[in-house]
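Just below is one structure, and these are the notes that go with it.
Letters A, B, ... are given to chains in the order of the sequence lines, protein chains preceding strands, and every chain is numbered from 1.
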Amino acid sequence: MTVPGGPASAGGPAVRCRSLGVSFGAVRALHGVSLDLAPGRIHALVGQNGAGKTTLAKVLGGLQAPDAGDVHIAGRKLPSGDVRAARAAGLAMVHQHFSLPPSFTVAEALELTAARPGGRSVYRRAELHQRWQDDVAEIGGEAVLSTRIRDLPVETRQSLEIMRALATEARVLVLDEPTALLAPAAIDALFERLRRLRDGGVTVLVVLHKLREVAAVADTVSVLRDGELALGPIEMSEVSQGRLSDAIVGPASQADRAVGVEAATGTERRTLLELVRVSSRESAFEPGLRDVDLRVEAGEIVGIAGVEGNGQRSLVSVIAGLDVAAEGTVLIGGADATRAPPAGRRLRGLRLVPFDRNSEGISRRAPLWLNQSALRLVERRRRRLPLISLRQYKQQAAMEMDQWRVRYDAVTQPAESLSGGNVQRLILSRELAPGLEVLVAAQPTRGLDFAATDFVRRSLRGLRDAGAGVLLVSSDLDELFENSDRLHVMYGGRIVARFEAPYDRRAVGDAMTGARR
Amino acid sequence: MEQILATTLRSAAPLVLVATAGVFAFRAGIFHLGLEGLMITGAFTTVAVGEATGSVELGILAAIGVCMALSAVYWWVIGPLGANVIIAGLGLTSVGLGGTAFALGAIFDRRGSMFTDVVLPRPVSGTTSGPGVIVSEHSILVWITPLIVLAAWIVLRRSRFGLRMTAAGEYPFAARTAGVNPSIVRLQALLIAGGLCALGGAELSVGALHNFTENMTNGRGFIAFVAVIFGAWHPIGAAFAGLFFGFADAIGIQSQINITERVPREFVLMIPFVLTIFAVWLGGLWRRRSLEAEAGYAELREPDY
Amino acid sequence: MTGSLQRVASTLLLVGVSFLLTTLILWASGYRVSEVFSGVIEGSLTATGAATSSIRWAIPLLLIGLGVVIGFRAGFFNIGGQGQFYVGACCALVVSLGWRDGPAPLVVLCGTAAAIMAGSAWSLLPGYLRVRFGTDEVLTTLMMNFIGALVLQYLTAGPMRNPSGTGQTAASERIPEAFRITDGSGVSATALLLVGGVAVLVWLLLERTRFGLTIVLVGRNPTMARWQGIDVRRVGLVTFALSGALAGLAGAVELYGPGARLVTGFSPEVGFTAVVVALVGLLSVWGTAAAAIFFGGLQSAILFLPIVTDLPPPALVLLHGMVALLVTVKFRSVRWRRPGSPAEALTA
Amino acid sequence: GGDDDGGTAAPEPEPAETPATTAPEPEGAETPTTAAPEPEPEPEPAETPTAAAPEPEPAGELTVALVANQRAGDLGPIDDLVRGLEMVEQDYGADITFIEATDPSTFETTLRNLANQGTDIVAVTFPPMQDAVVAVAPDFPETRWIHIFGFEGGVDNLVSIGFDYYKGTYLAGILAGALNTTGKVGFVGGVSIPPLNADYNAFVAAAQTKDPNITGEAAFADSFEDPAKGRELGAALYDGGVDIIMTDAAATDLGVIQAAEEKGGYVIGGSVNYFDSSAVIGGVLLYWAELLHAQVGHALSDDYTPGYVGAGVAEGGVDLVVNPEFLANGPAEMVEIINATLAEIDDARSQIKDGSLEVPFDPEL
Ligand SMILES: Nc1ncnc2c1ncn2[C@@H]1O[C@H](COP(=O)(O)OP(=O)(O)OP(=O)(O)O)[C@@H](O)[C@H]1O
Ligand SMILES: Nc1ncnc2c1ncn2[C@@H]1O[C@H](COP(=O)(O)OP(=O)(O)OP(=O)(O)O)[C@@H](O)[C@H]1O
Ligand SMILES: [Mg+2]
Ligand SMILES: [Mg+2]
């Protein structure tokens, strides 16, 4: 259980991978990856969705035994697929997916995943809390220790994941897309922290998608493409942005083309979605809506900015019909839909990209084609026989997924076998299909690689140009600035500020933090 | 009243022991429907080995051993071999019920039942009136049961081992990221459960009685299973649920005797079941199970297709 | 297709292994094992009336099992088939004896309708508690089983007890012969058509309607289903009702078919066996049908075995247990990945 | 000692069929039967109304089956019947089959299977199987059917032997009433089904003839195989002021007897196998083994006559027997009362026989 102390032996890499290979059935997630990470630096790992980044991270962390090759840490070979050995060797991980059991209290989760040497294995609650009280200071202090993981807001959960990885005094820290769920300020704080760790001699490997973030934090960068190391590790100073994106996308690959979604109507100004003085009840970790007025017209993208947890979720839920507006009116396509069930709203052309793709967007254990076809199940169709053809469903699903370049093997595989970004593509392929009048997109590019991100944004703009209305809820200000025709800021369940392009980053930021009303 | 309490304790003890076994299994993520089979196996083995060796301690040890071995088989079938947890569990129950009855014939050439002199001691015995009745005529296992429940609570809720077990059951990925092999943890949980079922069976055959009778568990394993759910998978909760069912039994017995003007018997017999539904409903109102717990649970129950 | 062939083969193999293990135990205890094997074949297939009897036992298993399939697909662990079966049979009985002079087809129709409604009602109570309050349905449906058995006991020992004869049995009067759809063997063209028709309908519902797909989505992830605009509660209630209706129908078929009267505690295991059948059938309709026939054959064989062998009754329970313990063992393989799939083309 | 003071009113004994009676040796241990059921010590087997001498057929061909609707291992009727079946095997060289059919819906299939296999004689047990045997028997005229505890007389190849066990419990009730000191007598049944309810009512009615203030308490275990519950029921009854319990619950009885031993109460059971226990005063017995043996003989004989025969208290097929051990070693004052009551019981028995005493059959609780 001792952590190898002192700086790594001079000259030798902190982490050395030699010709790693991992296959899942016919998919080669990793192939011949050899990679040396110099000690005491921040290494970024980038690549498209499904390129194998998570798989590589898992191999390092001992969660996935490679089919070929091996991993050395500080010159010593790790037994393959052994989490404890990796941790004993001083490697800690922050996973792309949450890795703490929801019903555990924070203290219990820490004790489970980050137990330090010493401490009795049978404990009293008070004792346990004492053990961990210093660590949680920055995420809410002692009070948070007895909170259950499932009751924590997403960001806090993410911070906790990072915190518990650091708690073990790791010499090598691997973070898989740690920024995906964080607000800009939190990202800055995280990077600051990583730099401090680096300065303290810790070697960091961080999986990122946004090149801006890579530039901000990384010392070196490596690129995975189709399971192979396409570039790096190379000093940031030696690589241009263009070369990096070429390496990610690959020379032969063309940019995704936007999908031509035909919006149902022409471009005449028509209010597609309207909320009039809507209030709703608050939920566990979000304020309810308070007197929200909102209008989305045909041919425009309305952005919703705000620090997460300021009512964005309530807003989307009320529009989707999952929450009932306590007061006020919701109009969809000009007709009152305040009391309409979710299905009714879908029929009027409302499309949704939910916040949490894994729990709300897909059914992880259902086959891909069924996930893709979900929306077609609530459509009302006039037919003599209510019988359908599965083959037709599968074919159509395959077609639409191919159009969105979802990477999959067979339409019958369960959705959980897709990489994170591909799940998002699957959702988009379902929601951005004909019949769309107004789209509510919550964090539509979260977790997407940059090419896909660009693709999604262009698709949203394409939708707008074709006459649809889009409500874009995002925590990425650049995304909002680039795409929104109008921008609202939510704070504490209210819309506290409304902006028109061109935007003043400073003013928007002030509104988000409540500094401006 | 004293009698009702005494009956409650005696009827509850085997239920509580087996429910505690169920809690271990549930926490580790196994929807264990083989409890009944393990229980009857425990009851039989205690009597059989007790008779053969003349020692009740050896009988119980052997029962624990046999039940653990069966549990290991069960683990192997549902784990490495990937069989359906529920069906294999029901199968285990049939194997236990059929196997013990068969063994009774094959080994002892008996049919139906078998007496033994080798029984558990009773710390207090012979009290016939007053509050002393409450604690009288209970085998030592009844006395030990609360300690076992307490120990189970500490192990499950106040130890790293328990954290690992709960994590493995609730969210195997989390367990794996913590360097825990969920499969091994499940084996451990099943072994513990097997031992506890053996005790539950032994209490029935050499604690409350001094014989083994085919099928003598008479559905108690399933009632214990219900107690686990009723008790929200918590060792203390399940123990109280077991007590509740024991109490319902005692009340049922007393009401048979004391209610002279009879409502149709069947309706009286329905009362505990209706009460259980009501209690579960009410309990659900008080504390809605979390989505996550539910999802984990659904995954447990959800077979592949 | 090869996948399902593989499954069938592995199921058969596992059943063989179970038999082997059991016979090993029997052999070690000094029984003649060759008899057991031939007895199983005879008892389920070749002996006089054996095939019929296999089908007779398969019928209730199939009907209740299909209900289980519907419930499980929607994510509800409705194990209340036994109780629903009982109250279905009870209601059919009350109708049939209450209106014993009525025109046979009409009475049978009404009785069946009553059974279906009773079964759904018995299932809807836990169903409502589940979708409305999140009350655990495993527990409530289990409890409803016990209550259903008591309802049957009450009726057969009380108001519906056969008043003629000796009064020594908790059993109802027999229904008029005109009402019956089979003789004592439990198999007739009518019964087979009915059950086959129901199976086809269920298959169409599950595999060829949007509702069938909706059920799967709800079962896999209700949250996602809600986001997709699916009324999860309604789907839940409908599936509960359908499960109960099928079990209730099985009760009616039992009464109008082989039973002709109700006896307290008849077919006490059929509800649980149906759960096994549905799971062994991998929650597909035809798989369930095959599993029902298999378990019907097993039941028939188990009734037959003691006649031709010297096996003691517990050995049969043991055998049944062994089969259940092993029959769902999977030979794991990465099933959904085929070479030459689109993803391969993409990566190549 | 196999002698029985409350003996039957001398039906014709059939020594030919009486199994070798071994007097049970009282074992020193106070545990109830740890040994396999001893053959019936009763020297007088059940009267077979058609007293035909058996003429064993050439061995090897004959197949005889017994289908029981309860499980064996009850130390009671089923075990006795199995013993009778084994006697048939010995005496007639028959190939025997014993089947437990506990699920009523399997009765018909099982009977048909047996007949289809060419079984010569099929015996079935107890009233619940009546419908099945009546439905199946006519389809298989080659097979001769015996219904033990049945009431149907109109089938060509079926002999039904009817018992009136409740009249036996009536006799037990007289004894219980005489011995009772607490004003309460108890009854433990397996499941509250009509025949057991009737047994209980007759038992209490008889006790009340001794003292109209005596009340009865009935309790049911809802299982015939739950001795643990039997123990609690027994304990509750004794604690509730009952001093004598009539038990009628197969394997559940074992728990009731244990409760009696622990609580100092007394039991009247349903099997001679319980007589090892010092708490068992006696039993309402049927001579199952002998009856089956004799009926098989009858079915094989030339003057086979199908139809209904009564074999109840009046015919000597059901009787109250006092535990000889208890008479020898029981508390003196109780033995005295028992001896004093025997005459009265004899009276009741003969009144039942000549019809002057009508024991009510009341299947409702
Ligand atoms: N458990 C698994 N079973 C089958 N295939 C898998 C599994 N895990 C990953 N894959 C496949 O391996 C490939 C690499 O996946 P990985 O998760 O490493 O991608 P990634 O680079 O992390 O992508 P993203 O940016 O979307 O998270 C993908 O094609 C994915 O579908
Ligand atoms: N998975 C679950 N499903 C349903 N209810 C649960 C579940 N887990 C816990 N509960 C309920 O929440 C309560 C608290 O649960 P938990 O097991 O975490 O114990 P706790 O409050 O931490 O208690 P303790 O102090 O004993 O550790 C339990 O008593 C139970 O009622
Ligand atoms: Mg990833
Ligand atoms: Mg607590």
Within 6.0 Å of CZ in Phe326(D), more than 12 heavy atoms from elsewhere: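 Atom CZ in Phe326(D) is packed in, count exceeds 12.
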- prompt: Take atom CZ in Phe244(B); do more than 12 heavy atoms of anything else shown fall under 6.0 Å from it?
  reply: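 Check passes, neighbour count above 12.
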- prompt: Do you see a donor-acceptor pair shorter than 3.5 Å between the side chains of Glu232(D) and Thr7(B)?
  reply: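 Per modelled atom types, Glu232(D) and Thr7(B) side chains form a pair under 3.5 Å.
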Electrostatic pair Arg220(B)-Asp226(D), nearest N-O below 4.0 angstrom: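 The answer is yes: the pair qualifies as a salt bridge.
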Measure [X] against the heavy atoms of chain D and call it side chain, backbone, both or neither at under 4.5 Å.
X: Glu137(B); answer: both
X: Leu209(B); answer: both
X: Asn211(B); answer: side chain

task: Taking all non-hydrogen atoms of both residues into account, name the closest pair between Gln3(B) and Lys263(D) and its distance.
output: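 Closest pair (atom of Gln3(B), atom of Lys263(D), distance): OE1-NZ, 3.8 Å.
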- request: State, to 0.1 Å, how close Ala208(B) and Gln258(D) come at their nearest heavy-atom pair, and which atoms those are.
  value: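 Closest approach of Ala208(B) to Gln258(D): O-NE2, 2.9 Å.
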If you count heavy-atom pairs under 4.5 Å between each of [options] and chain B, which one has the most?
options: Ala235(D), Gly186(D), Ala236(D); answer: Ala236(D)
options: Glu262(D), Arg231(D), Arg71(D), Lys229(D); answer: Arg231(D)
options: Ala221(D), Gly230(D), Ala219(D), Ala251(D); answer: Ala219(D)

- request: Quick one: pull up CG in Asp79(D) and CZ in Arg110(B) and give me the separation to the nearest 0.5 Å.
  value: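 One finds 11.5 Å between CG of Asp79(D) and CZ of Arg110(B).
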- prompt: In Å, rounded to the nearest 0.5 Å, how long is the span from CZ of Phe212(B) to CG of Leu254(D)?
  reply: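 So the gap between those two atoms works out to 12.0 Å.
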task: With Glu225(D) as reference, evaluate Asn218(B), Asn215(B), Thr217(B) under the side chain to side chain donor-acceptor pair (under 3.5 Å) test and give the passing residue.
output: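 When Asn218(B), Asn215(B), Thr217(B) are each tested with Glu225(D), the side chain to side chain donor-acceptor pair (under 3.5 Å) holds only for Asn215(B).
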task: Identify which part of Val82(D) has an atom lying under 4.5 Å from any heavy atom of chain B, answering side chain, backbone, both or neither.
output: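 The side chain, not the backbone.
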